[in-house]
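Throughout, a chain's letter reflects where its sequence line sits, starting with A, and its residues are numbered from 1.
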Protein chains: 2
Amino acid sequence: MRAPDCVTEKKQLTDDRRSDRVTIKDLALDLGISVSSVSRAFQPDSRISDSSRALVLRRAAELGYKANPFARGLVGRKTKIVGVLVSRISSSFYSEILNLVANRLSKDNITLMLVAGEHVHEIHDGLDMLMAYDPIALLVISSFASADSIAHSPSAREKIIYVHRTPADRDTLALAYDNFAAGEKVAEYLVGLGHQRLAYLSSGLESSSDQERSEGFSAFCAAHGLAAPHIIRSSGFSYEHGAAAAGEVVERLAEIDAVFCAADMLALGLLDAVRHGFGIQVPRQLSIVGCDDIAMTSWPSHSLTTLHLPRETIVNEIVRLIEDMSENRRPGNKLIRLACGGIVVRGSTGPKAA
Amino acid sequence: MRAPDCVTEKKQLTDDRRSDRVTIKDLALDLGISVSSVSRAFQPDSRISDSSRALVLRRAAELGYKANPFARGLVGRKTKIVGVLVSRISSSFYSEILNLVANRLSKDNITLMLVAGEHVHEIHDGLDMLMAYDPIALLVISSFASADSIAHSPSAREKIIYVHRTPADRDTLALAYDNFAAGEKVAEYLVGLGHQRLAYLSSGLESSSDQERSEGFSAFCAAHGLAAPHIIRSSGFSYEHGAAAAGEVVERLAEIDAVFCAADMLALGLLDAVRHGFGIQVPRQLSIVGCDDIAMTSWPSHSLTTLHLPRETIVNEIVRLIEDMSENRRPGNKLIRLACGGIVVRGSTGPKAA
DNA sequence: GTGAAAGCGCTAACAG
DNA sequence: CTGTTAGCGCTTTCAC
């Protein structure tokens, strides 16, 4: 693992960066073979004898040779980059996913290129920046509504994988849980508990997952002869938004037995606010159900019943899609539906009080 | 904003990627000038007339020309990439910081390259991967102990910015809050409340911030004639680790008035566990203080008193350092200390019970 | 199977 | 101030 003891003349450049970097040429010179042979040694299926490949690979490891990704990118080979466009990484669910994906891809020598932006033009610019690096794929993890239409160029459209949202535009790749079924499951569970006057707390944003959950929830009610759920609209997905909705919920407590929230954060905010702000007994006076199953829901201080979304399946799908795309296999399915998990019963739900 | 109507002959490559991409050459041909003039138009201080620069810039915008970062990287100009090495993005505090940094840098057209890894060899490989992209800087956001010694090559060492940890190795750049002062402040606050038998809940990991907080906490006690704080060692920074420490805390409740936790997550876990698991009254029987001021601490269900760490200052410093480094100004200070914030008094602390 | 040569898109000397 | 030329490190024809 020592430094190359071969040619070092041209290494004396003033430029600090490339001075210590061993190139393919150094390797070739060192081994007394041509650069093309060295290059071939790193190409999976190229005409090169096993012996010389082994030789090159060994010496490369010794000298610490690493192919220059810029040179590779320039000649047009596929990169080892996956772009990620996020609006708020700090969202607990997304950051969990991102963490897992990053971990998995790191093992394949793939790096994530992250661009964050909240506004439309930021998203646009971010996409351009990422596209310039010719990524294998482009993960769009953003609840931002206009994210649907971000892909101006067809080449971008082909690379995008929407995560956890279904695009309006049906010919782009997307990954989403079966949110409709999630809504149904929760409704079924609550009805099973004896509740009949259900409510749904929506983010109020144009989010496909929110909308689908709401629809599934309503559909179950309709199919079982129950009154349509009372829809409460907030204006975001945060804890604070949930807390802010508490007033309206409490006001209508006479007409509401149980409320299903579009996401856990909303549910936690609502739960805390009705309990601590209004002195409501949960679940005696009101049952509350969340969705996602983020870590905080299991904390004894909250103990929120919620619908679990299996992280593994979505992470596996993401990784699989990326691997496919990196081999130029454009995956067939356009919208991939992932089964949602079951209901995790905790302390925020109970049978209807007599 | 229409497609270039100039030369399109060579654009008919089978390769889908570069087919729609307009290069510097296209621009030059279109404008009837040389490629170097076009190139110069994008270089901040280069000898080019204002008129031709304006011309180039305008036409470039029209044609949607974007410089190819691979070509730029290859010729040795500084990249627009900042590497990030993380162990767990999902940590609330880190993901907040990362989010803010990403947002700010996106405006400078800088992208973050993310590599995640938990184990030593992963961290090593990750660093190599990132270094290959010749990033402006390398953010190491990892409480992982061995992160100190990850920089094998001197060129890597020069790029690293340790975030929120002080490296053992004093000649690398680092950014950290004044954790010692944080410890002192908390001790002072608790003592002011009348507490005398203090305890410190440590992560038990080799974390500089943890250690420094502990030292500041102890130092204040020593300086004021109090008994040395009782140190409780956990084995991580998570909520679960905090909860797991509850048993030991409760056992020694006779000797402990108040406990300062190395981080908010630990404090929240402890708080919930002593309350819900052991029926302890907080703060009547025990005061608990956290550190960091993450979002959850303000939730009414926890209402954790904590020491605030101002996000803006650390984010500003990070961005400033990166901008400096991107202009080849290697910042002078090696370890930059950031003032910690004040104590946010909430419901988990109170005066010593009589 | 291997080597020589061309070229990816861009910048940085050089001339003029 | 502008154009010409020579590479950056790598892959990929094309010969042999």
Atom-pair distance ([atom1] on [X]; [atom2] on [N]), nearest Å:
X	N	atom1	atom2	answer
B:Arg72	C:dC8	CZ	C1'	16 Å
B:Lys80	C:dC10	NZ	C1'	16 Å
A:Ile33	D:dC16	CD1	P	22 Å
A:Phe70	C:dT11	CZ	P	13 Å
B:Leu31	D:dC1	CG	P	18 Å
A:Gln43	D:dT11	CD	P	5 Å
A:Asn68	C:dG9	CG	C1'	14 Å
B:Lys66	C:dC10	NZ	C1'	17 Å

Inset, instruction - Looking at every strand, decide which applies to B:Phe42 at a 4.0 Å heavy-atom threshold: base, sugar-phosphate, or nothing. - result: nothing
Legend entry - Shortest non-hydrogen contact from A:Leu127 toward A:Ala156: CD2-CB, 3.9 Å
Legend entry - Cationic N near anionic O, under 4.0 Å, A:Glu323 to A:Arg320: no
Legend entry - Cationic N near anionic O, under 4.0 Å, B:Asp134 to B:Lys159: yes
Where the side chain of [X] is concerned, which of [options] is the nearest nucleotide?
X	options	result
A:Arg40	C:dT2, D:dT11, D:dC8	C:dT2
A:Ala67	C:dG9, C:dA4, D:dC10	D:dC10
B:Ser34	D:dT11, D:dG3, D:dT2	D:dG3
A:Ser52	D:dT12, C:dT2, C:dC10	C:dT2
A:Val75	C:dT2, C:dG9, C:dG7	C:dG7
A:Ser39	D:dT11, C:dT11, C:dG9	D:dT11
B:Leu74	D:dC10, C:dG9, C:dT11	C:dG9

Inset, instruction - For B:Val35 and for B:Ala71, find the nucleotide of DNA chain D with the closest heavy atom, then tell me which residue's nucleotide is more 5'. - result: B:Val35
Inset, instruction - Indicate the ring-plane relationship of B:Tyr65 and B:Phe42, choosing parallel, tilted or perpendicular according to the 30° and 60° boundaries. - result: tilted
Legend entry - A:Ser49 vs B:Arg47, nearer the 5' end of DNA chain C by closest nucleotide: A:Ser49
Inset, instruction - Assess whether one donor atom and one acceptor atom, taken from the side chain of B:Ser36 and the base of D:dT5, lie less than 3.5 Å apart. - result: no
Inset, instruction - Respond yes when some side-chain nitrogen or oxygen of A:Arg77 is under 4.0 Å from OP1 or OP2 of D:dC10, and no when none is. - result: no
Inset, instruction - State whether the number of non-hydrogen atoms from other residues, nucleotides or ligands found under 6.0 Å of A:Arg47 atom CZ is greater than 12. - result: no
